[in-house]
Peer 1: 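Quick one: structure below, then a few questions.
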Amino acid sequence: MSKRILNFKVLLAILLIASIFPWNHASAEIKKQAFDPFEKSIDEVATALKTKQITSEELVEYYLNRIEAFDKQGPAINSIITINNKALETAKALDTELKKKGPRSKLHGIPFVVKDNYDVVGMPTTGGSVALKNAYPTKNAFTVQKLVDAGAIVIAKTNMSELAASYGRLGYSSMGGLTINPYNLNRDASGSSSGSAAAVAANFAVFGLGTDTSGSVRGPANVTGLVGIRPTMGLTSRSGVIPSSLSLDVTGPMARSVKDAGLVLTAMAGTDKEDKATKFAKQHVQDYTKSLDSSSLKHARIGVATDFFGDNVEVDTITNQAIAKMKSMGTVVVPVSFSNQTKYLWTPVLGPVGDAEFKSQFEKFLSFLPAGAPKTLQDVIDISESPEVLNSETPVNPARLEGLKTALAQADTLYSKEYKNIMNKEIPKTREEITKIMKDNKLDAIVFPTMSCPASNRFDKEDPTYICEAYDTYAASYVASATGFPEITVPAGAVEAGVPVGISFLGTAYSEQKLLDLAYSFEQATHARFVPVHTPETIQ
């Protein structure tokens with residue numbers, strides 16, 4: 001037998017064996033790996049799960065690998081405080097359920113991150129405070145439970161400004177250290193929902209949850225190229241969330257697209273008997289993505305709040321380009337201006353309300369924690385001032401500590417004439433002012449730069465390229481906070497330093513659908529979101 005004939009027979013044997021099973025196995029492997037979750041939307045991930053291009057278990061592993069590669073090493077974004085050690089187990093169970101019963105919802109098997117002031121069973125709710133490192137809740141926050149019931153998976157809890165207030169160190173906490181911006185490692189990720197924003201921007205999860213008292217969803221979303229929603233006060237529950245000021249606090253989603261943010265808002269909104277503010281939520285909740293209209297700006301009348309320009313040339317340029325784009329689409333643009341007080345609401349409204357409410361509301365939250373956890377604000381201050389914490393690598397921000405002491409000293413102002421005047425006169429007056437401006441000008445929304453300056457320097461690192469002339473770059477955010485009205489921020493561009501800049505759409509109570517339509521219309525016309533340079537698709 002010649003060597004050529006022998007080789008031919010060997011080849012035939014190999015092909016025969018391969019035809020039995022290995023090629024099928026290989027094609028299955030290729031099929032599984034064909035779906036790349038990077039930057040994918042909820043719809044795309046849900047379809048991939050349903051068509052068996054990927055499993056939820058593989059999704060969780062994918063994001064855990066990215067967290068390992070980029071969060072604590074490499075660029076060290078430092079957005080994650082705690083990994084959910086039950087995430088893979090939960091994913092496997094949801095994969096089995098998907099095969100047997102089908103998906104619970106579009107969120108079935110999809111991983112998300114949660115700001116560490118939300119209760120998640122099996123994980124401590126630290127609020128970024130080392131004093132609460134052993135504060136394990138007995139049940140999930142209402143909004144978290146709604147998402148879990150829809151089949152979503154908590155993959156991790158995220159870092160935040162300590163107890164949701166930054167005091168000059170945006171995204172820093174004694175529990176988690178400093179979260180940095182994945183677009184520029186010399187800049188912060190704003191506050192206080194910095195961890196959730198940085199994690200979603202860096203593709204550590206499909207979406208995230210934040211809380212917003214005076215801009216804490218909108219600011220971080222703005223500087224990390226995300227869509228962030230501050231819903232109408234009372235549309236989403238705050239039960240099971242560490243309060244900052246219940247007259248101002250809301251819970252809201254952060255995502256890489258308007259539709260994704262709308263899908264999450266739809267799933268998490270609703271009436272909760274443990275949060276009286278949500279009493280009428282059921283009357284207003286709808287599927288916010290069912291009829292998203294990319295042509296909305298063609299027929300819209302938009303007010304431009306002229307009071308929040310002039311602090312940074314690049315931000316002004318991007319915002320003016322966004323307005324010009326809307327005009328080119330057919331939008332009627334009307335300049336509007338606010339009263340002197342409404343231009344800066346921190347001193348007359350937000351600051352005093354926060355100081356008055358914090359102690360009593362925080363201590364009520366602490367009262368539900370298991371034995372051994374701090375029960376009073378003074379307990380938290382004492383732990384924060386202990387030598388163990390003060391001499392650690394991440395001591396409590398000294399200014400934040402002073403803020404806690406101020407809240408302790410101001411607790412009695414909850415019963416003061418000043419507080420009652422703010423609640424009964426100043427807040428309603430602000431609400432009436434915005435409503436009147438919108439009604440008189442027949443506006444669908446009011447637009448402005450979400451922040452009047454780009455992402456700021458890390459507190460521990462100078463960046464001479466940062467320029468900001470603002471007394472308070474977050475001033476525009478205080479309007480929605482004081483009125484309880486909804487606001488959505490959507491990416492609009494980037495400054496030379498590489499960090500994103502967003503614009504906001506503000507409306508009156510329960511106008512989420514209209515705002516989402518307008519934001520979606522702008523998003524689809526501009527596609528301004530781009531991938532962070534420091535957390536690329538490929539893990540080296």
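Note that the numbering runs from 1 along the sequence shown for the chain.
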Peer 1: So how far is it from Asp116 CG to Thr126 OG1, rounded to the nearest 0.5 Å?
Peer 2: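 Answer rounded to 0.5 Å: 3.5 Å.
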Peer 1: Can you tell me how far OG1 of Thr450 sits from CD of Glu487, rounded to the nearest 0.5 angstrom?
Peer 2: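 So the gap between those two atoms works out to 6.0 Å.
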Peer 1: Only one of Ser192, Ser173, Ser174 passes side-chain hydrogen bond (donor to acceptor under 3.5 Å, both in side chains) with Glu162; say which it is.
Peer 2: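 When side-chain hydrogen bond (donor to acceptor under 3.5 Å, both in side chains) is applied between Glu162 and each of Ser192, Ser173, Ser174, only Ser174 qualifies.
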Peer 1: Any side-chain heavy atom of Val499 sitting closer than 4.5 Å to one from Val223?
Peer 2: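 The answer is no; the side chains never approach within 4.5 Å.
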Peer 1: Locate the shortest heavy-atom distance separating Ser384 from Leu390; write the atom from each residue and the value.
Peer 2: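 Taking Ser384 first and Leu390 second, the nearest heavy atoms are O-CD2, 3.8 Å.
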Peer 1: Nearest 0.5 Å please: distance from the CD1 atom of Ile427 over to the OG1 atom of Thr483.
Peer 2: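 Nearest 0.5 Å value for the CD1-OG1 distance: 9.0 Å.
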Peer 1: Do side-chain atoms of Glu433 reach the backbone of Ser339 as a donor and acceptor pair under 3.5 angstrom?
Peer 2: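 Present.
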Peer 1: What are the two closest non-hydrogen atoms of Gly498 and Tyr183, and how far apart are they?
Peer 2: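 What the structure gives for the nearest pair is O-CB, 3.5 Å.
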Peer 1: With the side chain counted from C-beta on, respond yes when Ile80 and Thr158 share a heavy-atom pair under 4.5 Å apart, and no when they do not.
Peer 2: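 Ile80 reaches Thr158 side chain to side chain.
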Peer 1: Under a 3.5 Å distance rule, please check whether Gln410 uses its side chain to pair with a backbone N or O of Pro352 as donor and acceptor.
Peer 2: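 Not at all, since once roles are kept as given, no pair shorter than 3.5 Å links the two residues.
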Peer 1: Short question: side chain of Ser452, backbone of Phe309 - any donor-acceptor pair under 3.5 Å?
Peer 2: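 Pair absent, no side-chain N/O of Ser452 close to backbone of Phe309.
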Peer 1: Are Phe522 and Val447 close enough that some pair of their side-chain heavy atoms sits under 4.5 Å apart?
Peer 2: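 With C-beta onward as the side chain, the pair stays apart.
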Peer 1: Taking Gly210's backbone N and O only, do any of them form a donor-acceptor pair with Ser196's side chain (distance below 3.5 Å, no angle check)?
Peer 2: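 Checked: no pair found.
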Peer 1: Can you tell me if Ser481 and Arg218 form a side-chain donor-acceptor pair at under 3.5 Å?
Peer 2: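 Arg218 and Ser481 do have a side-chain donor-acceptor pair below 3.5 Å.
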Peer 1: Would you indicate whether Lys133, at its atom NZ, is surrounded by more than 12 heavy atoms from other residues, nucleotides or ligands within a distance under 6.0 Å?
Peer 2: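 No - once you tally the heavy atoms of other residues, nucleotides and ligands closer than 6.0 Å, there are 12 at most.
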Peer 1: If only atom types and distance count, is the side chain of Asp311 paired as donor or acceptor with the main-chain N or O of Cys453 below 3.5 Å?
Peer 2: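 Pair absent, no side-chain N/O of Asp311 close to backbone of Cys453.
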Peer 1: Is there a donor-acceptor pair closer than 3.5 Å between any side-chain N or O of Asp188 and the backbone N or O of Ser190?
Peer 2: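 Pair found, side chain donor or acceptor close to backbone of Ser190.
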Peer 1: Out of Leu209, Leu263, Leu235, which one pairs with Met268 under the side chain to side chain contact (heavy atoms under 4.5 Å, CB included) rule?
Peer 2: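 Answer after filtering Leu209, Leu263, Leu235: Leu209.
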Peer 1: Strictly by modelled atom types, are Arg238 and Ser244 linked by a side-chain donor-acceptor pair under 3.5 Å?
Peer 2: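 Short answer, no.
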Peer 1: Between the side chains of Lys115 and Ser193, is a donor N or O closer than 3.5 angstrom to an acceptor N or O?
Peer 2: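 Note: Lys115 and Ser193 side chains meet the donor-acceptor criterion.
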Peer 1: With heavy-atom distances below 4.5 Å as the criterion, would you say the side chains of Thr224 and Asn181 are in contact?
Peer 2: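 When only atoms from C-beta onward are counted, Asn181 and Thr224 do touch, with a gap below 4.5 Å.
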Peer 1: Decide, yes or no, whether a salt bridge links Lys429 with Glu426 under the criterion of side-chain N to carboxylate O below 4.0 Å.
Peer 2: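 A salt bridge links Lys429 with Glu426.
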Peer 1: Just wondering, are more than 12 heavy atoms of other shown residues or ligands nearer than 6.0 Å to CD in Glu469?
Peer 2: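 Counting other residues, nucleotides and ligands, CD of Glu469 stays at 12 neighbours or fewer.
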Peer 1: Checking the side chain of Asn421 only, and the main-chain atoms of Lys417 only, is there a donor and an acceptor separated by less than 3.5 Å?
Peer 2: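 Pair absent, no side-chain N/O of Asn421 close to backbone of Lys417.
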Peer 1: What heavy-atom pair brings Thr232 and Tyr510 nearest, and what distance separates the two atoms?
Peer 2: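 Thr232 and Tyr510 have their closest heavy atoms at OG1-N, 2.8 Å.
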Peer 1: Can you tell me how far apart OG (Ser161) and OH (Tyr172) are? Round to the nearest 0.5 Å.
Peer 2: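 One finds 11.5 Å between OG of Ser161 and OH of Tyr172.
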Peer 1: Hey, is Asp307 close enough to Lys343 for a salt bridge, meaning N to O under 4.0 Å?
Peer 2: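 Result for this pair is yes, salt bridge flagged.
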Peer 1: Which heavy atom of Leu226 sits nearest to which heavy atom of Arg256, and what is that distance?
Peer 2: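 That would be CD2-CG, 3.7 Å.
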Peer 1: Which heavy atom in Ala199 sits nearest to a heavy atom in Ser79, and how many Å separate them?
Peer 2: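 Answer, listing the atom of Ala199 first, then Ser79: CB-OG, 3.6 Å.
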Peer 1: Are Tyr474 and Ser214 side-chain neighbours, meaning at least one heavy-atom pair lies under 4.5 Å?
Peer 2: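 Sidechains of Ser214 and Tyr474: no contact.
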Peer 1: Would you check if the side chain of Lys461 reaches a backbone N or O of Leu185 as a donor-acceptor pair within less than 3.5 Å?
Peer 2: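 Not confirmed, Lys461 side chain does not pair with Leu185 backbone.
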Peer 1: Looking at OG1 of Thr430 and NZ of Lys425, how far apart are the two atoms once the value is rounded to the nearest 0.5 Å?
Peer 2: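 Going from OG1 on Thr430 over to NZ on Lys425, the span is 11.5 Å.
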Peer 1: Begin with the C-alpha distance, continue with both residues' side-chain angles, and end with the deciding distance and a verdict on side chain to side chain contact (heavy atoms under 4.5 Å, CB included) for Val490 and Ile503.
Peer 2: CA-CA 6 Å; Val490 62; Ile503 60 167; 3.9 Å; yes
Peer 1: For atom NZ of Lys375, is the number of surrounding heavy atoms from other residues, nucleotides or ligands below 6.0 Å larger than 12?
Peer 2: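 Check passes, neighbour count above 12.
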Peer 1: With the threshold set at 4.0 Å, does a side-chain nitrogen-carboxylate oxygen contact exist between Glu432 and Lys436?
Peer 2: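 No, no charged N to carboxylate O under 4.0 Å.
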Peer 1: Distance-only, no hydrogens or angles: does the Asp379 side chain make a donor-acceptor pair with backbone N or O of Pro374 under 3.5 Å?
Peer 2: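 Flag not set: sc Asp379 to bb Pro374 has no pair under 3.5 Å.
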Peer 1: Of the non-hydrogen atoms in Leu515 and Ala445, which two are nearest, and what is the gap between them?
Peer 2: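 Smallest interatomic distance, heavy atoms only, reads CD2-CB, 3.7 Å.
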Peer 1: Does any N or O in the side chain of Arg230 come within less than 3.5 Å of the main-chain N or O of Gly252, such that one atom is a donor and the other an acceptor?
Peer 2: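 Between the backbone of Gly252 and the side chain of Arg230 there is no qualifying donor-acceptor contact (under 3.5 Å).
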Peer 1: For Lys72, I'd like to know if atom NZ has over 12 heavy atoms of other residues, nucleotides or ligands within 6.0 Å.
Peer 2: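 Buried by this count: over 12 neighbours within 6.0 Å.
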